[in-house]
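This report refers to the structure that appears directly beneath it.
Convention: sequence-line order gives letters A, B, ...; per-chain numbering from 1.
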Amino acid sequence: MDPISLEAMAAGVPDGAMVAMPPDNSLPAVALAKALIRRGARGLRLVGVPVSGFATDILIGAGCVAEVQTSAASLGEAGFAPRFSAAVREGSVRVLDATCPAIHTMLQASEKGVPFMPLRGVIGSDLVPHRPDWRVVPNPFAEAGEDPILLLPALRPDFGAFHAAMADSHGNVWVGRRRECATIAHASARCLVTVERVVEGDFLLDERLAPGAISATYVTAVAVAERGAHPAAMLDEYAADPAYVAEYARMARTAEGFRAWLEREALNRPALAAE
Amino acid sequence: MDPISLEAMAAGVPDGAMVAMPPDNSLPAVALAKALIRRGARGLRLVGVPVSGFATDILIGAGCVAEVQTSAASLGEAGFAPRFSAAVREGSVRVLDATCPAIHTMLQASEKGVPFMPLRGVIGSDLVPHRPDWRVVPNPFAEAGEDPILLLPALRPDFGAFHAAMADSHGNVWVGRRRECATIAHASARCLVTVERVVEGDFLLDERLAPGAISATYVTAVAVAERGAHPAAMLDEYAADPAYVAEYARMARTAEGFRAWLEREALNRPALAAE
Amino acid sequence: MSPAKPEERLAAAVARLILDPSAPPARHVAVGAASPIPAAACYLVQKLGHPLRLSLLARPAGNPFTEGTRELFDLAGQGRLDLFFLGGGEIDGQANLNLVGTGEWPGRAVRFPGSFGSAFMYMMVPRTILFREEHSPRVLVPRVAHVSAPGTSPPGVFRRGAAQALVTGRCVFRFDPGRARFSLESLHPGETVDGVRAATGFEFDAGGGVPETPEPTDEELALLRGPVCDEMLPTYPEFCARVFGRKAAA
Amino acid sequence: MSPAKPEERLAAAVARLILDPSAPPARHVAVGAASPIPAAACYLVQKLGHPLRLSLLARPAGNPFTEGTRELFDLAGQGRLDLFFLGGGEIDGQANLNLVGTGEWPGRAVRFPGSFGSAFMYMMVPRTILFREEHSPRVLVPRVAHVSAPGTSPPGVFRRGAAQALVTGRCVFRFDPGRARFSLESLHPGETVDGVRAATGFEFDAGGGVPETPEPTDEELALLRGPVCDEMLPTYPEFCARVFGRKAAA
C-alpha cells in the first residue's frame with residue numbers, strides 16, 4: 001500500500017460523511033483535520049470515540065461540521081471547547097449526546113456485525129429520551145420482573161480517522177495500546193490513517209509489534225504527516241503541547257479570534273508531507 | 001505479586017470449578033492441567049475458548065472433568081481428541097456444544113458486564129435447541145418483519161487459565177497478540193497464569209510491551225512453569241511438538257494406553273518449577 | 001509543619017471517606033483526568049499503608065489499560081471497580097448530576113462539556129464520591145436542568161451503588177440513597193450551617209452540632225507534601241506547583 | 001511437466017471456483033487450519049496474478065489477526081470476508097453440515113470434533129466452498145444426523161450467502177440455494193455419473209454430458225509446485241512433502 005498525500009486523503013472524504021475520531025489522549029488525526037479544513041469540507045458528521053477534543057473544535061469552527069455525536073467535547077486542561085460551545089449556543093451544529101461506554105458499545109456492535117448491543121446503566125439519564133435510536137427493553141434473560149436494559153444500535157461510520165506511530169510496507173499500522181483506534185477501524189466502512197513514518201517490513205510477522213498493530217485489511221489509505229497528532233501527544237514519541245492548546249482556547253473564544261488562528265495555523269500552513 | 005508454585009496454583013482450584021482455557025494454538029496452560037491431574041481434581045467444568053485441545057483431553061482422560069463447553073475438541077494434525085471422544089461415547093462427560101463466535105460472545109458479555117449479547121447466524125443449527133440457555137428473539141431494531149436473532153447469556157467462568165510468555169514484578173503478564181487470553185481474564189472471576197519467566201520492571205510503562213500485556217488487575221496468581229505450554233507452541237519462543245502429540249494420540253486410543261501415558265508424563269514428572 | 005491548605009484539607013477529607021469502614025470496601029479506585037484532589041486522596045490512602053489499586057486515567061505513562069478506552073467501562077461493568085469520583089456542572093438534592101448544560105437540550109443556555117461516562121459509572125460502581133470545589137447556588141441546585149446521571153433509580157433498575165458523599169469547598173455532605181437526600185456531615189473551617197444553607201440551592205438535613213471537617217494530621221500533611229506529590233508530579237504538574245510548591249525535575 | 005496429482009487437480013478446480021465471474025467477488029478469503037488444498041487453491045489464484053487477500057488461520061507467523069481468535073468472526077460479521085471453506089463429517093443434499101456426530105446428541109455413535117465456527121461463518125460469508133476429499137455414502141448422506149450449520153435458511157432469517165459448490169475426490173457439485181439442491185458440474189478423471197450416484201447418499205441433478213474436471217494447465221502446475229509450495233511449506237510441511245516432494249529447509 002503506497003502512502004497518499006494528506007491533501008489527497010482529505011479530498012477523499014466527501015461532504016456529509018460520518019467520520020469517527022479518537023480524542024486528544026488517543027492519537028487524533030489533527031493534521032488531517034486541518035487538511036479537511038483546507039479542502040473546505042462541509043456537513044461532516046463527527047463521532048467522538050468516546051469524546052471529542054481539539055480536532056473536532058477546529059472543524060466546527062471552520063464550518064465543516066453539521067453534526068457531532070459524542071459523550072463530551074473539551075480541551076482538557078484548557079477548558080471547554082470554545083467553537084463547540086458556541087455552535088451549541090447558536091444551534092448551528094446538531095449534537096447527539098451519548099455517554100462514553102454507549103459510543104464504545106455502538107461501535108462494538110458494528111465491529112461484531114450485530115444490529116444492536118446491550119449496555120447496563122444509563123436508564124434514568126435524560127440522554128435516553130433524547131436518543132430515539134436507543135431502546136429500553138425488558139431483559140429477555142431476567143428470571144423475575146422486568147429488569148429494563150438499554151439496547152444501542154450498531155454505529156457504522158463512513159470513515160474512521162486517526163494518527164498512528166507508523167505504517168509498514170504492507171499498510172499495517174501501529175497504534176500500541178490505543179486499541180480504541182482498532183475498534184474505530186473495525187467498525188468504520190473505510191479507515192484513513194496518518195502516520196509519523198513508513199517503515200520496511202511487516203508488523204504482523206513480529207510477535208512484539210503485532211499486538212499493537214492494526215491489519216491493512218481495515219486500512220483504506222495511509223498518509224505521512226509528521227507530528228500529525230500535534231498538539232496532542234504521540235505515545236512516548238512526543239508530548240502534548242498545552243501552550244499551543246491554551247493559546248487556541250484563548251483566541252477561539254471569539255469567531256474573529258478563531259479565524260485569525262485558523263489563517264495562521266491551518267490555512268497558510270499545509271503539513272510538510274502534503275507539499 | 002509473588003509467584004506461587006504450580007502445585008499451589010492447582011490446589012487453589014476447587015473440585016467442580018468452571019475453568020476457561022484457550023486451545024492448542026493459543027497459549028494453553030498444559031503444565032497446570034498436569035498439576036490439576038496430580039492433585040486429583042474432580043468435577044471440573046471446562047470451557048474451550050473457543051475450542052478445546054490437548055489439555056482438555058488429558059484432564060478428561062484423568063477423570064477430572066464433569067462438563068465441557070466447547071465449539072470443538074481436537075488434537076489438530078493428530079486427529080480427534082481420543083479421551084474426549086471416548087467420554088462422549090460413554091456419556092461420562094456432559095458436553096455443551098457451541099460455535100466459536102458464540103463462546104467469544106458469551107465471554108464478551110461477561111467482559112462488558114451485560115447479561116447477554118446478540119450474535120448473527122446460528123439460527124437453524126441444531127446447536128440452538130440443545131442450548132436451552134440460548135434465546136432466539138425478534139430483533140427489536142428490525143424495521144419490518146420479525147428478523148429473528150440469537151441472544152447468548154453472559155458466561156462468567158470461576159477461573160481463566162493460560163500460559164503467558166512472562167510476568168513482570170507487578171503481576172502483569174504478556175501474551176502478545178493472543179488477546180483471547182485477555183478476554184478470558186476479563187470475563188473470569190479469577191485468573192491463573194503460568195509463565196515461562198518473571199522479569200523486572202512494569203510492562204505497562206513500556207509502549208512496546210503494553211499492547212500485548214494483561215494488567216495484574218485481572219490476575220489472581222502467577223506460577224513459573226518453563227515450557228508450560230508444551231506440546232503447544234509458545235509464540236516465537238518454542239514450536240509445537242507434533243511428535244509428542246502424535247504419540248499421545250496413539251497411546252490414548254485406549255484407556256490403558258492413556259493410563260500408561262499419564263503415569264509417565266504427568267504423575268511421575270512434576271514440573272521443574274514445582275519441585 | 002505549615003498549616004494545611006484548602007486542597008490538602010479536601011484531599012484528607014476524601015481520604016477519610018475512602019477509608020470509611022461502614023462503606024463497601026475500596027480495593028480498586030479509578031480517578032478521571034481532571035481530578036487532582038481525588039487523586040491526591042487516593043495516593044494518601046496508599047501512602048498511609050492501605051492496599052488500594054489506583055487507576056489514574058490521566059497518567060501519561062503507566063496507564064493500566066491495554067484494550068483501549070473501553071476497558072475502564074468494561075472494568076466497571078465487571079464489578080471490578082469499587083469507587084469512582086464524579087462531579088457536575090449542576091448537582092441537585094437528589095444527587096442527580098448534570099454535565100450536559102442548562103437551557104433547552106443540549107444546553108442552549110450554558111453548554112457543559114457533556115456526560116462523559118457518568119450515566120454508566122454512577123450506576124455500575126458500588127461507591128461514588130461526588131467532588132466539586134465550587135459550592136454555590138449555581139452549582140448546587142434544587143433540580144438539575146438535565147439529568148446526565150440519576151442519583152437514585154427505581155426498584156428493579158440494575159444499579160450497584162450510589163453517591164456516598166459530596167465534598168465541596170465548604171463542607172462534606174453524606175448522601176442517603178434510600179431517602180434520596182443529603183445531610184451535612186462536617187463544615188470546613190470558617191463555615192457555618194447558615195452560610196452553607198445560603199450557598200446551597202437544595203434542601204439538606206443538618207443535625208445539631210455539625211462538627212468541623214478534621215484538619216489533616218501532621219503525618220498526612222507530610223505524606224501529601226512528600227510521596228503523594230512525588231506520584232502526582234508527572235500527571236498534575238500545575239497542581240503540584242500551586243499546592244505543594246514543587247516543580248517537576250527538568 | 002509430470003502429470004497432475006489428485007491434490008493438484010483439486011486445488012486447480014477450487015481455484016477456478018474462486019475465480020468464477022458469476023459468483024460474488026472474492027477479495028478476502030480465510031482458510032482454516034486443516035485445509036491444505038483450499039490454501040493451495042488460494043495461493044494459486046494469487047500467483048496467477050489476481051489480487052486476493054488471504055488470511056491463513058494456521059500460519060504460525062504472519063497471522064493477520066491482532067485481537068485474538070474472535071477477530072476472524074468479527075471480520076465475517078462486518079462483511080469483510082468474501083469466501084470461506086467448510087467441510088463436515090456429514091454433508092447432505094440440502095448442503096446442511098454435520099460436524100457434531102452421529103447417534104444421539106452430542107454424537108453418542110460417532111463423535112466428530114464439533115461445529116467450530118461453521119454455524120456462524122456459513123451464514124455470514126457471501127460464498128462458501130464445501131470441500132471434502134472423501135466421497136462416500138457415509139459422508140454424503142440424504143439427511144445429516146445433526147445440523148451444525150444449515151445449508152439454507154427460511155426467508156426473514158439474516159443470511160449473506162450459501163454454498164457455491166462442493167468439491168470432493170470424485171467430482172464438483174454446484175449448489176443452488178433457491179432449490180436447495182446440488183447438480184453435478186464435472187467429474188474427475190475416471191469417474192462416471194453412475195459411479196458418483198452410487199457413492200453419494202443424496203440425490204442430485206446431472207444433465208447430459210457432464211464434462212470432465214479440467215486438468216491443471218502447465219502454468220498452474222508450475223505455480224503449484226514452485227511459488228505456491230514455497231508459501232505453504234512453513235504451514236503444511238507434510239502436505240508439501242507428500243504432494244510436491246519438497247521439504248522445508250532445515
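- Using a 4.5 Å cut-off between heavy atoms, B:T183 does not touch chain C at all.
- Heavy-atom distances place no part of B:F203 under 4.5 Å from chain C, backbone and side chain included.
- Here C:F182 and C:F175 bring their ring centres to under 6.0 angstrom of each other.
- Proximity to chain C involves both the backbone and the side chain of B:A216, based on heavy atoms less than 4.5 angstrom apart.
- Of the atoms belonging to B:S110, it is backbone heavy atoms, and not side-chain ones, that fall under 4.5 Å from chain C.
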Mind running side-chain contact (heavy atoms from CB on, under 4.5 Å) on C:Q46 and C:L54 for me, showing each step along the way? CA-CA 9 Å; C:Q46 282 185 337; C:L54 175 58; 3.8 Å; yes
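- For chain C, the option among B:K112, B:E111, B:R156 with the highest count of heavy-atom pairs below 4.5 Å is B:E111.
- Put simply, the side chain of B:R45 does not reach to within 4.5 Å of the side chain of B:Q69, judged on heavy atoms.
- Inter-residue side-chain proximity for B:D15 and B:C64 is flagged as unmet; no heavy-atom pair is nearer than 4.5 Å.
- A distance of 6.0 Å or more separates the ring centres of B:Y238 and B:H230.
- For the pair B:R190 and B:Y218, the cation-pi test (distance below 6.0 Å, angle within 45°) is failed.
- Looking at C:R27, there are no atoms closer than 4.5 Å to chain B (heavy atoms on both sides), in backbone or side chain.
- When each of C:M124, C:E67, C:H28 is scored by its heavy-atom pairs under 4.5 Å with chain B, the top score falls to C:E67.
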